[in-house]
Amino acid sequence: MNRVALAVALCASLPITSVAQKTNDQMIAEAVSPLPESMRQGATQGATVMVFTGTELERIRQGDNSMICLADDPGRTGFHVACYHEDLGPFMARGRELRAQGKDGNESRAMRFAEIEAGALEWPDKARSLYSLSNADDRGFDYEAGTIPGAWRLQVVYVPYATEQSTGISTSPARDRPWLMHPGTPGAHLMINIPPPQGNE
């Protein structure tokens, strides 16, 4: 049984649950939901799952594959869960640290790219993926459906220093095809957007 199905079985009487009521199984179900089903569960555990406790992250499941999944941060507006390859961990942790210092997205990104190029921040030299599900409100996770109502699905594939010329992938933003963001930088990545089903935005 996959992790979402397990959570549904455990929580069938609670279709949509508030943060205060969430169990570890519910938070695991939410956190791993961006992943393809085959990646949610490994030989015994699947992805590592982290949850926000104030400004800190706490591990509630040690995984046995290469993915780290973050449950929704109740301190932020909207609903967002994400999973990324463990090799991206230092980059993501540094981003959280800079955000806590009041840096905005552009400042944080520029600082981290500079740290990568200076050798001060670990960064993989080959492709690594991130998956996320987001919506703009706080409807939360629907345990009966096993998804987030109205969520946009995003897959990011980091390809360090890739350019339009080296990949043949356009740098023009699009919703109907992959496109290359931040080309020529350490954080160059493919953006693959999947909108929610029609009528569910």
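One is the number of the first residue; the rest follow in order along the sequence.
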Inset, instruction - Verify the cluster assignment for L57 and I68: are they in a single hydrophobic cluster under the rule of side-chain heavy atoms below 4.5 Å apart? - result: yes

Inset, instruction - Sequence neighbours left out, what pairs pass disulfide bond (SG atoms under 2.5 Å apart) with at least one residue falling in residues 153-182? - result: none

Inset, instruction - Identify, with sequence neighbours excluded, every residue that meets side chain to side chain donor-acceptor pair (under 3.5 Å) alongside T163. - result: S166

Inset, instruction - Supply the atom-to-atom distance M191 CE to I169 CD1, rounded to the nearest 0.5 angstrom. - result: 13.0 Å

Inset, instruction - Can you measure from CZ (R153) to CG (L133) and round to the nearest 0.5 angstrom? - result: 4.5 Å

Legend entry - side-chain contact (heavy atoms from CB on, under 4.5 Å) partners of L121, counting only residues at least two apart: P90, F91, R94, R112, E115, I116

Legend entry - In one Ile/Leu/Val/Met/Phe/Trp/Tyr side-chain cluster, 4.5 Å: M67, V156: no

Inset, instruction - Could you list the residues that satisfy side-chain contact (heavy atoms from CB on, under 4.5 Å) with R109, not counting sequence neighbours? - result: N106, F113, H182

Inset, instruction - Just jot down the side chain to side chain donor-acceptor pair (under 3.5 Å) partners of T167, sequence neighbours excluded, or say none. - result: none

Legend entry - side chain to side chain donor-acceptor pair (under 3.5 Å) against S134, all qualifying residues, sequence neighbours excluded: H80

Legend entry - Smallest separation among heavy atoms of Q155 and S129, with atom names: NE2-OG, 3.3 Å

Legend entry - side chain to side chain donor-acceptor pair (under 3.5 Å) partners for D104, two or more places apart: none

Inset, instruction - With sequence neighbours excluded, tell me which residues meet salt bridge (charged side-chain N to carboxylate O under 4.0 Å, His left out) with R99. - result: D73

Legend entry - Heavy-atom side-chain proximity of S33 to V81 below 4.5 angstrom: yes

Legend entry - Heavy-atom pair of closest approach, residues S108 and G95: OG-CA, 3.9 Å

Inset, instruction - Show which residues join M111 in its hydrophobic cluster (side-chain heavy-atom contacts under 4.5 Å, direct or indirect), or state none. - result: L98

Inset, instruction - Find out if a path of hydrophobic residues (ILVMFWY) with successive side-chain heavy-atom gaps under 4.5 Å connects I60 to L70. - result: no

Inset, instruction - Using side-chain contact (heavy atoms from CB on, under 4.5 Å) as the criterion, list what pairs up with R128, not counting sequence neighbours. - result: H85, D87, L88, P124, K126

Inset, instruction - Look at the side-chain heavy atoms of Ile, Leu, Val, Met, Phe, Trp and Tyr, link any pair under 4.5 Å apart, and say whether M50 and F52 land in one connected group. - result: yes

Legend entry - For Y158, ring pair (Phe, Tyr, Trp, His ring centres under 6.0 Å) partners two or more places apart: W123, H189

Inset, instruction - Establish whether L154 and Y84 are linked, either directly or via other cluster members, by ILVMFWY side-chain heavy-atom contacts under 4.5 Å. - result: yes

Legend entry - side-chain contact (heavy atoms from CB on, under 4.5 Å) partners of R177, counting only residues at least two apart: S170, S172, A174, W179

Inset, instruction - Please report the shortest heavy-atom distance between A127 and V157, naming the atom on each side. - result: CB-CG1, 4.1 Å

Inset, instruction - For N135 and G150, work out which heavy atoms get closest and say how close. - result: CB-O, 3.8 Å

Inset, instruction - Measure the spacing between OG of S132 and CH2 of W152 and express it to the nearest 0.5 Å. - result: 11.5 Å

Inset, instruction - Any chance you could lay out the salt bridge (charged side-chain N to carboxylate O under 4.0 Å, His left out) test for K22 and E30, step after step, and finish with the verdict? - result: CA-CA 10 Å; K22 290 178 184 176; E30 294 177 2; 3.2 Å; yes

Inset, instruction - Compare every heavy atom of V51 with every heavy atom of A71, then report the nearest pair and how far apart it is. - result: CB-CG1, 3.8 Å

Legend entry - Min side-chain heavy-atom separation C83-L130 under 4.5 Å: no

Legend entry - Closest non-hydrogen atom pair between A47 and V32, with its separation: CB-CG1, 4.5 Å

